[in-house]
Amino acid sequence: MGHRYFPHTPDDIKEMLGKCGMESLDDLYADIPDSLRLKRDYDLPPQMSENEVRDYFMDLAMTNRPLTCFAGAGFYDHYAPAVVRSILSRSEFLTAYTPYQPEVSQGTLQYIFEYQTMMSELTGLPVSNASMYDGTTAVAEAMLMCVAAGRKKDRVLVSATLNPVYREVIDTYARYHGVKVGTIPESDGITDLSALREMLENSGDIAGVILPTPNYYGILEDYDGVAEMVHSSKALLVMTAPASTLGVIRTPAEWGADIAAGEAQSLGMPLNFGGPGLGYMCCTKALMRKLPGRIVGATTDANGQRTFVLTLQAREQHIRRDKATSNICSNQGLMALYASVYLSLMGPQGLREVNELSCSGAHYLASKLVETGSFELKYPSRQFLNEFVVRYTGDGSLEDFVEISVAGGCLPGIKIADDELLVCVTETRTKEEIDRYIWRAETFSNAHTPLFTPEGETNN
């Protein structure tokens, strides 16, 4: 259909009102008390022509200043092959809504099936849903899964090294579901496992434990023996990781996790000034009926041909409402398709190369920043993949360095403390961009003179 909207003429409105047995729009809203009706004109700006509206938003868009991105903290600037968007733009995929008549939605069911298969391969867990809104809600729903499986247990332990944004959403979910959330303290940038052991031994109401890898500081934590520790307390282990990193690090299944949940935006999805994201959730077969979301299976029809069916939709409001695992009815289907196309094009080798390039660039940048003498790694003894924390020790302030970098067209990282910067490198950052970052750091720390004016002009 070529129309972007359907304008209603007075005759159109009259005809529609006639079908409703009404004479005016006031009749249509007769049930609304008079005291609640607006008695004045809307406070709207002057009207514009279509060209004026287009020009207005074009001018607004031009005020956006693209920055070379060295920020991460859960959302990452990764490359995606151009063909991904081309496939997503096909008419078959213009809607991402729930297939309420799944038998006639074979295309949708097939890509959901493919998505589930690939996410299961990434996490090592046999069951995947499709899908959650973003990583924060996925991890929060994983918390609720633990409590549902634990029956009378109502407490979940969360590592202090988890992304703070995830923790905020977990706390919100917990508040309205009567779940108690405890914090496992950190020690030198990693989860204090001795403290976790003590917490598990001294409490009988713990339903689950949530641990990150890599953690918020980019550190790859060692969780050997943790699954046994958690399971001996009759609790479930939840692990979260950016989906892209699962192409090279130990999977949640290899750590012995029962549930894997997190953000899949790192699978080539553009940052888009904040969204959309994609929450993934995978689990063991034993927890399949506690998993919020839909599960698609493959079978054969009466003619022996391969077909796809909606096997399970445990969270739907129209099925066993009182026992639904969640009250969410839609999903990020279009983003699940995006992830499926991206993974099918990149393959295991492509995903490995993405992480190898990111890791190499991050370690190169980290070492060069330390060489300036004005930065030091906050956790020098810890292993990291492509994200790390540096502490600024030079003259001036870290805030000045960040402001000068932004004025020069570079987002140097995320400031997590007055003198600490969380820096990320992905495969999209070239050596020239990284060297420019290093030059800016050297010049700022050595001379402590602004490289750029607030307007972005170079000082001569």
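Treat the numbers as computed from the prediction; the structure is a model and nothing was measured. Side chains included, hydrogens not; waters and symmetry mates left out as well; all remaining heavy atoms used. Counting from 1, the numbers follow the sequence of the chain as shown.
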Quiz item: Looking only at heavy atoms, what is the nearest atom pair of Ala71 and Ile414, with distance?
Solution: CB-CG1, 3.8 Å
Practice problem: Give a yes or no on whether Glu371 atom CD has more than 12 heavy-atom contacts from other residues, nucleotides or ligands under 6.0 Å away. | Solution: yes
Exercise. Answer yes or no: is there a side-chain heavy-atom contact under 4.5 Å between His78 and Leu267?
Key: no
Exercise. Would you check if Glu114 and Met118 make a side-chain contact, meaning some heavy-atom pair closer than 4.5 Å?
Key: yes
Self-check item: Asn202 side-chain N/O to Glu198 backbone N/O, donor-acceptor pair under 3.5 Å
Solution: yes
Exercise. Hey, could you give me each pair passing salt bridge (Lys or Arg N to Asp or Glu O under 4.0 Å) that has a residue in residues 262-287? Not counting sequence neighbours.
Key: none
Practice problem: Quick one: closest heavy-atom pair of Pro212 and Ser159, and the distance? | Solution: CD-CB, 3.9 Å
Quiz item: Taking side chain as C-beta onward, heavy atoms only, is Ile190 less than 4.5 Å from Tyr379?
Solution: no
Self-check item: 4.5 Å side-chain heavy-atom contact, Leu200 and Val209
Solution: yes
Exercise. Say whether, by atom type as modelled, one donor and one acceptor occur between the side chain of Asn272 and the main chain of Gly274 under 3.5 angstrom.
Key: no
Quiz item: Is there a donor-acceptor pair closer than 3.5 Å between any side-chain N or O of His363 and the backbone N or O of Ser358?
Solution: no
Quiz item: Near Arg197 CZ, under 6.0 Å, is it more than 12 heavy atoms from other residues, nucleotides or ligands?
Solution: no
Quiz prompt | Minimum-distance pair of heavy atoms, taken over all atoms of Ala257 and Thr284 | solution = O-CG2, 4.4 Å
Practice problem: To the nearest 0.5 angstrom, please state how far the CD1 atom of Ile434 sits from the OG atom of Ser360. | Solution: 8.0 Å
Exercise. Could you pull out all residues at least two apart from Tyr76 that satisfy ring-ring contact (aromatic ring centres under 6.0 Å, His included)?
Key: none
Quiz item: Are Asp171 and Tyr166 close enough, and set up right, to give a side-chain hydrogen bond (donor to acceptor under 3.5 Å, both in side chains), and what steps lead you there?
Solution: CA-CA 9 Å; Asp171 288 343; Tyr166 283 54; over 6 Å; no
Quiz item: Are any side-chain N or O atoms of Arg294 and backbone N or O atoms of Ser131, one a donor and one an acceptor, separated by less than 3.5 Å?
Solution: no
Quiz item: After noting the C-alpha distance and the side-chain angles of Gln116 and Val296, does the key distance pass the side-chain contact (heavy atoms from CB on, under 4.5 Å) rule?
Solution: CA-CA 8 Å; Gln116 292 173 173; Val296 173; 4.1 Å; yes
Exercise. Mind checking the CG-SG spacing from Asp154 to Cys146? Nearest 0.5 Å is all I need.
Key: 12.5 Å
Self-check item: Residues in salt bridge (Lys or Arg N to Asp or Glu O under 4.0 Å) contact with Glu168, at least two apart in sequence or another chain
Solution: none
Quiz item: What pairs with Phe113 under ring-ring contact (aromatic ring centres under 6.0 Å, His included), at least two apart in sequence or on another chain?
Solution: Phe308
Exercise. For residues Pro412 and Val406, report the shortest heavy-atom separation together with the two atoms involved.
Key: CD-CG2, 4.3 Å
Self-check item: Under 3.5 Å side-chain donor-acceptor pair for Thr372 and Ser374
Solution: no
Exercise. Answer yes or no: is there a side-chain heavy-atom contact under 4.5 Å between Val84 and Tyr338?
Key: yes
Quiz item: If only atom types and distance count, is the side chain of Glu433 paired as donor or acceptor with the main-chain N or O of Thr430 below 3.5 Å?
Solution: yes
Quiz prompt | Other residues, nucleotides, ligands: >12 heavy atoms within 6.0 Å of Glu376 CD | solution = yes
Practice problem: Verify, without hydrogens or angle tests, whether Arg429 (side chain) and Cys69 (backbone) share a donor-acceptor contact under 3.5 angstrom. | Solution: yes
Quiz item: What is the distance from atom CD1 of Ile184 to atom OG of Ser194, rounded to the nearest 0.5 Å?
Solution: 11.0 Å
Exercise. Verify salt bridge (charged side-chain N to carboxylate O under 4.0 Å, His left out) between Arg54 and Asp59, making sure each step is shown before the conclusion.
Key: CA-CA 9 Å; Arg54 290 177 183 273; Asp59 290 342; over 6 Å; no
Quiz prompt | Cys282 versus Ser128, closest heavy-atom pair with distance | solution = SG-CB, 3.6 Å
Quiz item: salt bridge (Lys or Arg N to Asp or Glu O under 4.0 Å) with Glu121: which residues, sequence neighbours excluded?
Solution: none
Exercise. Among residues two or more places apart or on two chains, list those pairs meeting ring-ring contact (aromatic ring centres under 6.0 Å, His included) that have a residue in residues 397-427.
Key: Phe375-Phe401, Phe401-Phe444
Quiz prompt | Closest non-hydrogen atom pair, Ala441 against Leu369 | solution = CB-CD2, 3.7 Å
Practice problem: Step by step, work out the side-chain contact (heavy atoms from CB on, under 4.5 Å) result for Leu220 and Ile249. | Solution: CA-CA 9 Å; Leu220 294 165; Ile249 66 175; 3.8 Å; yes
Quiz item: Are the side chain of Gln305 and the backbone of Thr300 linked by a donor-acceptor contact shorter than 3.5 Å?
Solution: no
Practice problem: Name all residues meeting the ring-ring contact (aromatic ring centres under 6.0 Å, His included) criterion together with Tyr342; count only those two or more places apart in sequence or in a different chain, and write none if there are none. | Solution: none
Practice problem: Check whether any side-chain heavy atom of Thr299 lies under 4.5 Å from a side-chain heavy atom of Val309, and answer yes or no. | Solution: yes
Quiz item: Hey, what do you get for CG (Leu122) to CG (Leu351), rounding to the nearest 0.5 Å?
Solution: 6.5 Å
Practice problem: Give a yes or no on whether the backbone of Tyr216 and the side-chain of Thr161 come within a donor-acceptor separation of less than 3.5 Å. | Solution: no
Quiz item: Are Tyr392 and Leu421 side-chain neighbours, meaning at least one heavy-atom pair lies under 4.5 Å?
Solution: no
Self-check item: Separation of Leu246 CG from Glu254 CD (nearest 0.5 Å)
Solution: 10.0 Å
Exercise. Please check if the side chain of Asn355 supplies one atom and the backbone of Ser244 the other of a donor-acceptor pair under 3.5 Å.
Key: yes
Practice problem: For His231, enumerate each residue passing the ring-ring contact (aromatic ring centres under 6.0 Å, His included) test, keeping only those at least two apart in sequence or located in another chain. | Solution: none
Quiz item: Does any non-hydrogen side-chain atom of Pro214 lie less than 4.5 Å from one of Glu221?
Solution: no
Self-check item: Pairwise ring-ring contact (aromatic ring centres under 6.0 Å, His included) hits with a residue in residues 412-438, at least two apart
Solution: Phe70-Tyr437
Quiz item: Can you check side-chain contact (heavy atoms from CB on, under 4.5 Å) on Ile206 and Lys153, steps first, answer last?
Solution: CA-CA 6 Å; Ile206 296 174; Lys153 296 182 177 181; 5.7 Å; no
Exercise. Write out all pairs satisfying ring-ring contact (aromatic ring centres under 6.0 Å, His included) with one or both partners inside residues 255-286, taking only residues at least two apart or from two chains.
Key: Tyr223-Trp255
Quiz item: Among pairs that include at least one residue of residues 414-425, which meet salt bridge (Lys or Arg N to Asp or Glu O under 4.0 Å), considering only residues two or more places apart or in two chains?
Solution: Lys378-Glu420, Arg391-Asp419, Arg391-Glu420, Glu399-Lys415
Exercise. State the CZ-CE distance between Arg352 and Met346, to the nearest 0.5 angstrom.
Key: 13.0 Å
Contacts under 3.5 angstrom, residues 233-242 side chains, donor-acceptor by atom type, not counting sequence neighbours:
| residue | atom | partner | partner atom | Å |
| --- | --- | --- | --- | --- |
| Thr240 | OG1 | Ala261 | O | 2.7 |

Practice problem: Would you check if the side chain of Thr443 reaches a backbone N or O of Arg440 as a donor-acceptor pair within less than 3.5 Å? | Solution: no
